[in-house]
Asks: 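First, the structure itself, so that you have it in front of you.
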Number of protein chains: 2
Amino acid sequence: MRALGDALGVAPGAIYWHFSSKEEIVGAVSALVLSDIDVTDTRDRSWHGELNDLAHAMRRAMHRHPNVAPVFGTQILTSIYGATLAERIMTILAEAGFSGDDLVHAYNAFTGTVLGWVTVELSRSPTVDMSWRDGLRAALDGLDASEYPALAAAMPHARNAAFMLRWDLAEINPLDDAFSFTISVLLDGLRARLRQR
Amino acid sequence: MRALGDALGVAPGAIYWHFSSKEEIVGAVSALVLSDIDVTDTRDRSWHGELNDLAHAMRRAMHRHPNVAPVFGTQILTSIYGATLAERIMTILAEAGFSGDDLVHAYNAFTGTVLGWVTVELSRSPTVDMSWRDGLRAALDGLDASEYPALAAAMPHARNAAFMLRWDLAEINPLDDAFSFTISVLLDGLRARLRQR
DNA sequence: ACCTGAACACCGTTCAAGT
DNA sequence: ACCTGAACACCGTTCAAGT
């Protein structure tokens with residue numbers, strides 16, 4: 001609040017004439033971030049192709065504003081932009097063939113996975129907090145290969161696919177591949193669910 | 001810190017003789033929560049059956065301690081308990097047939113989805129924050145069916161499957177079904193990925 | 001209508017001083 | 001070795017008073 005006041009050349013208390021709480025401001029910022037997601041209708045694409053694009057667009061928006069990312073999910077239906085996004089996702093899933101409870105389940109699976117996965121990803125961002133690195137590196141170095149054989153065997157492959165393991169090797173957007181894999185697996189699962197109906 | 005000091009019958013500053021920061025305490029608590037997850041080896045089960053049990057066990061642990069849930073992912077490899085869990089997941093996936101980069105990808109997809117989904121779920125828990133409810137209800141009530149037809153059509157089915165929609169109708173553990181669906185879809189996706197190798 | 005100035009209650013953290 | 005007491009810098013927020 002004080003920093004925001006400074007940036008506006010105004011006393012901290014002055015902000016409370018325009019907004020009633022910090023939470024309200026974060027909500028407003030969140031709506032702005034939501035509005036930054038491209039939800040354009042491209043009906044020539046497959047439904048999983050569209051959802052894939054949407055997932056990546058959501059992730060990009062969250063990466064652009066890592067600080068509001070944690071409240072992203074809470075705010076998704078409280079603004080026109082969020083409702084537009086939700087409507088688009090729901091439409092795509094309905095046209096794909098989902099209906100009834102499964103439609104809502106699919107919606108929740110998609111949004112929950114995208115928002116949640118990226119939230120976890122950003123919560124360990126080096127720009128947010130550097131201190132976990134040393135702790136993790138120490139933990140990995142002290143890891144006994146005879147006691148944790150599967151982890152030890154997986155380590156060499158954790159270079160470009162780092163998440164819970166070895167982020168130290170990838171600096172900028174290190175988790176692009178990991179996210180792409182996750183979304184693609186999720187969409188495969190949804191497709192399988194659609195076939196068995 | 002002051003509340004913790006009170007609970008221990010001690011001055012706030014006294015805590016800093018035992019821990020160097022609040023963050024360290026949260027990390028220690030996180031390790032305790034991790035230790036509460038059952039990682040027992042049951043080789044008679046299928047790999048997806050085991051991962052499904054593990055996912056639900058992780059979720060239960062997070063629900064038991066909603067306040068440390070957000071740092072859960074960051075702490076997973078910094079304690080023996082976390083490393084044991086990671087080792088177990090990695091072993092199951094390796095035995096299922098994953099190897100190389102895909103093994104790490106699958107690990108990241110699983111842990112990221114479970115931790116992330118539940119983090120989002122808990123971030124909107126009524127016990128944590130009541131205020132979003134009114135805002136959401138107002139947003140839903142003001143939602144024009146002609147402008148958001150897909151959302152409006154899905155609403156009736158959002159009773160027992162509430163997530164981004166209408167939590168107001170389900171109070172205790174309202175998202176059990178939604179989580180089960182998500183994990184089942186994720187595991188279906190991993191199975192499909194395994195077949196096409 | 002919009003802002004200032006000053007305060008309030010509350011944080012995590014430090015540190016000399018005690019025992 | 002372990003704790004107290006008191007302080008420090010910093011939060012979000014309130015509100016009479018100004019213009």
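To find a chain, count down the sequence lines: A is the first, B the second, and so on, and within it residues start at 1. As the structure is a prediction and not an experimental result, all values here were calculated from the model.
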Asks: Rounded to whole Å, please give me the gap between NZ in B:K22 and C1' in C:dG12.
Replies: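 B:K22 atom NZ is separated from C:dG12 atom C1' by 8 Å.
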Asks: Should D:dG18 form a Watson-Crick or G-U wobble pair with both distances under 3.5 Å, which nucleotide is its partner?
Replies: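 Paired with C:dC2.
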Asks: Any side-chain heavy-atom pair from A:F72 and A:V33 closer than 4.5 angstrom?
Replies: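 Yes - at least one pair of side-chain heavy atoms lies under 4.5 Å apart.
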Asks: Any side-chain donor-acceptor pair under 3.5 Å between B:S180 and B:H56?
Replies: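 Yes - a donor-acceptor pair under 3.5 Å links their side chains.
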Asks: Counting heavy atoms not belonging to B:F181, are there more than 12 under 6.0 Å from its CZ?
Replies: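 Yes - once you tally the heavy atoms of other residues, nucleotides and ligands closer than 6.0 Å, there are more than 12.
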Asks: Is there a donor-acceptor pair under 3.5 Å between the side chain of A:N108 and the backbone N or O of A:V104?
Replies: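 Yes; judged by distance alone, with no hydrogens or angles, the pair exists.
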Asks: Could you tell me how far apart B:H18 (NE2) and C:dG12 (C1') are, to the nearest whole angstrom?
Replies: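 Taking NE2 of B:H18 and C1' of C:dG12, I get 17 Å after rounding.
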Asks: Give, ordered by number, those residues of residues 2-17 of chain B having at least one heavy-atom distance below 4.0 Å to an atom of DNA chain C; if nothing qualifies, reply none.
Replies: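 Residues of residues 2-17 of chain B that come under 4.0 Å of DNA chain C are, in numerical order, B:R2, B:G13, B:Y16.
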Asks: For B:V29, which of B:L34, B:N67, B:V68 qualifies under side chain to side chain contact (heavy atoms under 4.5 Å, CB included)?
Replies: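 That would be B:V68.
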Asks: Please determine, for C:dG12, whether a Watson-Crick or G-U wobble partner exists with both distances under 3.5 Å, and give it or none.
Replies: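 Pairing partner, where one exists within any strand: D:dC8.
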Asks: Is the backbone N or O of A:V26 less than 3.5 Å from a side-chain atom of A:S30, with the two atoms forming a donor-acceptor pair by type?
Replies: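 No: the side chain of A:S30 does not pair with the backbone of A:V26.
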Asks: Rounded to the Å, how far apart are B:E23 CD and C:dC11 P?
Replies: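 Spelled out: CD on B:E23 to P on C:dC11 is 19 Å.
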